[in-house]
Amino acid sequence: MNSDRVPAVATTPSRGDRLRRATVSTLLSVGAGVLIFASFPPRTLWFLAPIGIAVLALVLTGFGGRRSVSLKAGFGYGYAAGLGFFVPLLPWIGVYVGPMPWLALAAAESVFVGLFGVLGVVAARSAWWPLSLALAWSLTEWLRSSVPFGGFPWGRLAFGQPEGWLLPLASVGGAPLLTFGVALTGTGLAALILASCRPRTVRSFVVPVAATTVASIFALALLPTLHTNDAEDGERTVTIAAVQGSVPRLGLDFNAQRRAVLDNHVRETMTLAADVEAGRQPAPDLVVWPENASDIDPLRNPDAATLITRASVAVGAPILVGTVLVNADGTNSNSVIAWNGDDGPGERHDKKIIQPFGEYLPYRSFFRLFSEYADRAGYFVPGSGNGVVHAAGIAAGIATCYEVAFDRALEESVRSGAEFIAIPTNNATFGDTEMTYQQLAMSRVRAVEHGRTVVVAATSGVSAIVSPNGAVLQQTPLFTPDVLVSSVALRRTHTVATRLGFGSELILCLSAVGALGATLLIRRRELPHKQT
């Protein structure tokens with residue numbers, strides 16, 4: 001035995017080293033969130049989303065196991081990434097009510113990304129961590145889209161991809177599969193970076209390369225299957241107009257001047273009628289007005305009813321009129337009414353998914369203590385029905401403003417026979433912010449998801465006609481009265497995504513639970529062997 005041999009002594013990082021590492025990891029996490037934000041419209045930098053996921057994955061895996069990450073640290077890094085994402089994504093929330101609601105919502109939603117950080121640390125301990133980590137993102141995104149108060153799906157990874165080549169994934173698995181494709185590309189990229197930094201065999205690159213590219217290959221293979229705006233065999237083509245009348249003022253008081261918003265939309269519709277008569281525009285079969293286009297209840301105010309009837313008769317087509325109805329109990333319904341000339345109001349869609357803290361305020365007496373704007377929240381109640389409104393023999397699937405963010409809204413209407421999708425929206429209360437472009441991106445994803453033309457009608461913009469392949473065919477500028485007219489193919493076929501519905505997200509979530517559970521079980525079995 002050699003007595004001169006010095007036993008190896010395990011060295012542990014000093015407190016200063018640990019602090020520096022934590023600081024660097026936190027800054028990288030915030031940067032990851034900012035990259036994901038920068039991938040969202042109106043920018044077209046969709047490729048930054050998987051890069052942001054890759055950066056966060058590197059942090060949560062301890063840069064390939066070179067340093068261990070605790071569950072507590074994982075939550076902190078995830079939460080930091082959430083703030084880096086949601087704080088710049090959501091300032092439109094507080095544009096007229098101050099920063100507190102905006103920052104409070106960003107802080108609350110970041111908790112879900114913090115939860116992803118915890119699950120990410122667990123997933124990083126498995127041999128298949130790129131897949132497990134992407135599934136963990138899908139699981140936490142579903143949770144964020146479901147709770148509390150019905151969830152807040154705004155900012156799903158899928159909604160930043162209308163310009164990206166992964167968009168066709170939505171036709172098979174909807175927004176959930178598109179999100180998973182982005183996340184998997186990012187985690188695969190992280191694995192590829194780690195593999196490149198270490199001397200390994202060619203075989204060691206197979207899994208990282210596959211994880212990075214599989215979603216892109218699948219999406220590009222789906223491109224030929226996407227619908228265009230042209231009619232196919234057995235399909236009927238109609239002409240649909242979207243009217244953007246604009247508002248007299250922006251902000252919460254956009255409708256303070258009685259009937260001004262309605263007058264604007266009547267005026268633009270009468271201009272369209274004159275253009276049709278002069279041969280400058282084709283005669284529409286259906287006209288779509290925005291949410292709140294009639295700023296007074298036409299079922300209670302004869303002057304509003306008279307104006308809408310006059311506009312419908314003049315243009316020679318029914319109008320889908322967005323308005324706020326006053327119910328007998330003093331509550332309100334955010335409604336879209338099919339108004340057909342002298343026949344007046346017909347079928348209607350009452351908004352089913354209403355916005356908490358805007359259209360209604362949960363725990364009003366409590367939140368009144370924190371904001372003078374609490375009582376500005378509405379007293380709206382959710383409607384019922386399947387989201388389909390019939391007019392002139394056309395079945396329109398309606399998702400009013402906030403509803404477009406929720407998978408279940410349009411899934412139900414398309415399954416119930418909607419031949420095209422109408423998104424009436426009022427963005428005047430959010431000013432000159434990115435909100436309207438973020439919402440248009442959702443409409444583009446929904447077009448691909450369900451294989452339907454989408455007609456977006458906004459009070460102050462942006463209004464648009466979106467092809468079933470997600471392309472924007474026509475678009476209006478902000479705050480400018482305008483009318484869009486387009487031929488629309490009415491479709492009855494269903495995409496795989498429509499048929500699967502929630503099934504695609506359920507598969508992803510169950511897979512996430514299975515993968516994470518298997519990792520914990522394997523680690524638990526290995527622990528006694530390591531201790532001995």
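FYI, the numbering just counts along the sequence from 1. Values reported hereafter were calculated over all heavy atoms of this structure, with side chains retained and with hydrogens, waters and symmetry mates removed.
Checking side-chain atoms of Ser504 against main-chain N and O of Leu500 turns up no donor-acceptor pair under 3.5 Å. The main-chain N or O of Ile337 is never found under 3.5 Å from a side-chain atom of Ser335 such that the two would form a donor-acceptor pair. Of the possible polar contacts, one joining the Thr436 side chain to the Gly461 backbone as a donor-acceptor pair under 3.5 Å is found. In terms of modelled atom types and a separation under 3.5 Å, the side chain of Thr269 and the main chain of Arg267 share no donor-acceptor contact. For Ser467 (side chain) and Gly470 (main-chain N/O), no donor-acceptor pair under 3.5 Å exists by modelled atom type. In terms of modelled atom types and a separation under 3.5 Å, the side chain of Gln244 and the main chain of Thr480 share a donor-acceptor contact. Formation of a donor-acceptor pair under 3.5 Å by the Lys352 side chain with backbone atoms of Gly387 is not found in this model. Side-chain N or O atoms of Asn386 include none that pairs as donor or acceptor with a backbone N or O of Ser416 at under 3.5 Å. Not one N or O on the side chain of Ser39 forms a donor-acceptor pair closer than 3.5 Å with the backbone of Leu48. Checked by atom type and distance alone, the side chain of His450 never pairs as donor or acceptor with a backbone atom of Ala497 at under 3.5 Å.
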- Could you walk me through whether Leu178 and Leu157 pass side-chain contact (heavy atoms from CB on, under 4.5 Å), step by step? CA-CA 8 Å; Leu178 180 51; Leu157 285 183; over 6 Å; no
- Using the side-chain contact (heavy atoms from CB on, under 4.5 Å) rule, take Leu473 and Val466 through it: C-alpha gap first, then chi angles, then the decisive distance, then the call. CA-CA 6 Å; Leu473 303 176; Val466 181; over 6 Å; no
- Message: Please evaluate residues Arg408 and Glu412 with respect to the criterion salt bridge (Lys or Arg N to Asp or Glu O under 4.0 Å), reporting the C-alpha separation (whole Å), side-chain torsions for both, the decisive distance (0.1 Å), and the verdict.
- Response: CA-CA 6 Å; Arg408 64 183 183 272; Glu412 181 181 17; over 6 Å; no
- Message: What verdict does the side-chain contact (heavy atoms from CB on, under 4.5 Å) test give for Val288 and Val336, after you've listed the backbone C-alpha separation in whole Å, the side-chain angles of each residue and the deciding distance to 0.1 Å?
- Response: CA-CA 9 Å; Val288 182; Val336 174; over 6 Å; no
- Item | Test log, rule ring pair (Phe, Tyr, Trp, His ring centres under 6.0 Å), inputs Phe357 and Phe149 | CA-CA 10 Å; Phe357 304 96; Phe149 312 120; 5.6 Å; yes
- Task: Determine, stepwise, if the pair Thr495 / Val172 fulfils side-chain contact (heavy atoms from CB on, under 4.5 Å).
- Result: CA-CA 7 Å; Thr495 63; Val172 174; over 6 Å; no
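When every heavy atom of Leu508 is checked against every heavy atom of Pro176, the shortest pair comes out as CD1-O, 3.6 Å. Residues Ala175 and Ala158 share a closest heavy-atom pair of O-CB, 3.4 Å. Pairing each heavy atom of Tyr360 with each of Phe380, the nearest pair is CB-O, 3.9 Å. Between Ile36 and Gly52, the closest heavy-atom pair is CG1-CA, 4.1 Å. Considering all non-hydrogen atoms of both residues, Phe159 and Pro153 come closest at CE1-O, 3.7 Å. Here the closest non-hydrogen pair linking Pro298 and Ala304 is CA-CB, 3.9 Å.
At least one side-chain heavy atom of Leu307 sits under 4.5 Å from a side-chain heavy atom of Leu262. The shortest distance between side-chain heavy atoms of His227 and Asn469 does not fall below 4.5 Å. Side-chain atoms of Trp102 and Val87, non-hydrogen and from C-beta on, do get closer than 4.5 Å to each other. A heavy-atom distance below 4.5 Å is found between the side chains of Leu166 and Leu169. Using a 4.5 Å heavy-atom threshold, the side chains of Pro91 and Thr433 count as separate. A heavy-atom distance below 4.5 Å is not found between the side chains of Pro290 and Ser463. Leu272 has its side chain within reach of Val485: a pair of non-hydrogen atoms, C-beta onward, lies under 4.5 Å apart. No side-chain heavy atom of Pro284 sits less than 4.5 Å from a side-chain heavy atom of Ile240.
In this view, Asp275 and Arg280 satisfy the salt bridge (charged side-chain N to carboxylate O under 4.0 Å, His left out) rule, not counting sequence neighbours. By the side chain to side chain contact (heavy atoms under 4.5 Å, CB included) test, Ala231 is found to be paired with Glu235, Thr237, Ala489, residues two or more places apart in sequence or in another chain being considered. Residues satisfying the side-chain hydrogen bond (donor to acceptor under 3.5 Å, both in side chains) test with Asn229, not counting sequence neighbours, are Thr453. For the salt bridge (charged side-chain N to carboxylate O under 4.0 Å, His left out) test, no residue two or more places apart in sequence or in another chain qualifies with Glu277. With sequence neighbours left out, the side-chain hydrogen bond (donor to acceptor under 3.5 Å, both in side chains) criterion links Ser171 to no other residue. The salt bridge (charged side-chain N to carboxylate O under 4.0 Å, His left out) test applied to Asp297 returns Arg300, not counting sequence neighbours. Taking Glu359 as the reference, Asn334, Lys351 meet the side-chain hydrogen bond (donor to acceptor under 3.5 Å, both in side chains) condition, with sequence neighbours excluded. Every residue two or more places apart in sequence or in another chain that forms a salt bridge (charged side-chain N to carboxylate O under 4.0 Å, His left out) with Arg43 is listed here: Glu434.
The stretch residues 417-426 participates, sequence neighbours left out, in these salt bridge (Lys or Arg N to Asp or Glu O under 4.0 Å) pairs: Glu419-Arg492. Within the structure, every pair that satisfies the side chain to side chain donor-acceptor pair (under 3.5 Å) test and touches residues 309-328, not counting sequence neighbours, is listed here: Thr309-Trp339, Asn327-Thr331, Asn327-Ser333. Listed by first then second residue, pairs satisfying side chain to side chain donor-acceptor pair (under 3.5 Å) with a partner in residues 153-170 read Glu141-Arg156, Trp154-Gln438, Arg156-Asp407, Arg156-Glu505, Glu163-Arg444, Trp165-Ser216, not counting sequence neighbours.
Taking OG of Ser413 as the start and CD1 of Ile421 as the end, the distance is 6.0 Å to the nearest 0.5 Å. Between atom NE2 of residue His494 and atom CD of residue Glu411 there is a gap of 10.5 Å, rounded to the nearest 0.5 Å.
Within a 6.0 Å sphere centred on CG of Asp329, other residues, nucleotides and ligands contribute more than 12 heavy atoms. The local environment of CZ in Phe218 is sparse, with at most 12 non-hydrogen atoms from other residues, nucleotides or ligands closer than 6.0 Å.
Between Asp295 and Arg259 no salt bridge is recorded (no basic side-chain N to carboxylate O distance below 4.0 Å). The pair Arg348-Asp350 meets the salt-bridge criterion, since a charged nitrogen lies less than 4.0 angstrom from a carboxylate oxygen. Electrostatic pairing of Arg446 and Glu449 counts as a salt bridge here, judged by a charged N lying under 4.0 Å from a carboxylate O.
Looking only at atom types and distance, the side chain of Thr459 has a donor-acceptor partner in the side chain of Asn426 under 3.5 Å away.
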Atom pairs and distances, donor-acceptor, side-chain atoms in residues 388-402, under 3.5 Å, two or more places apart:
residue	atom	partner	partner atom	Å
His390	ND1	Glu347	OE1	3.2
Tyr402	OH	Gly151	O	3.4

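Ring geometry for Trp137 against Phe116 counts as perpendicular: the plane angle is over 60°, on a 0 to 90° scale with 30° as the lower cut.
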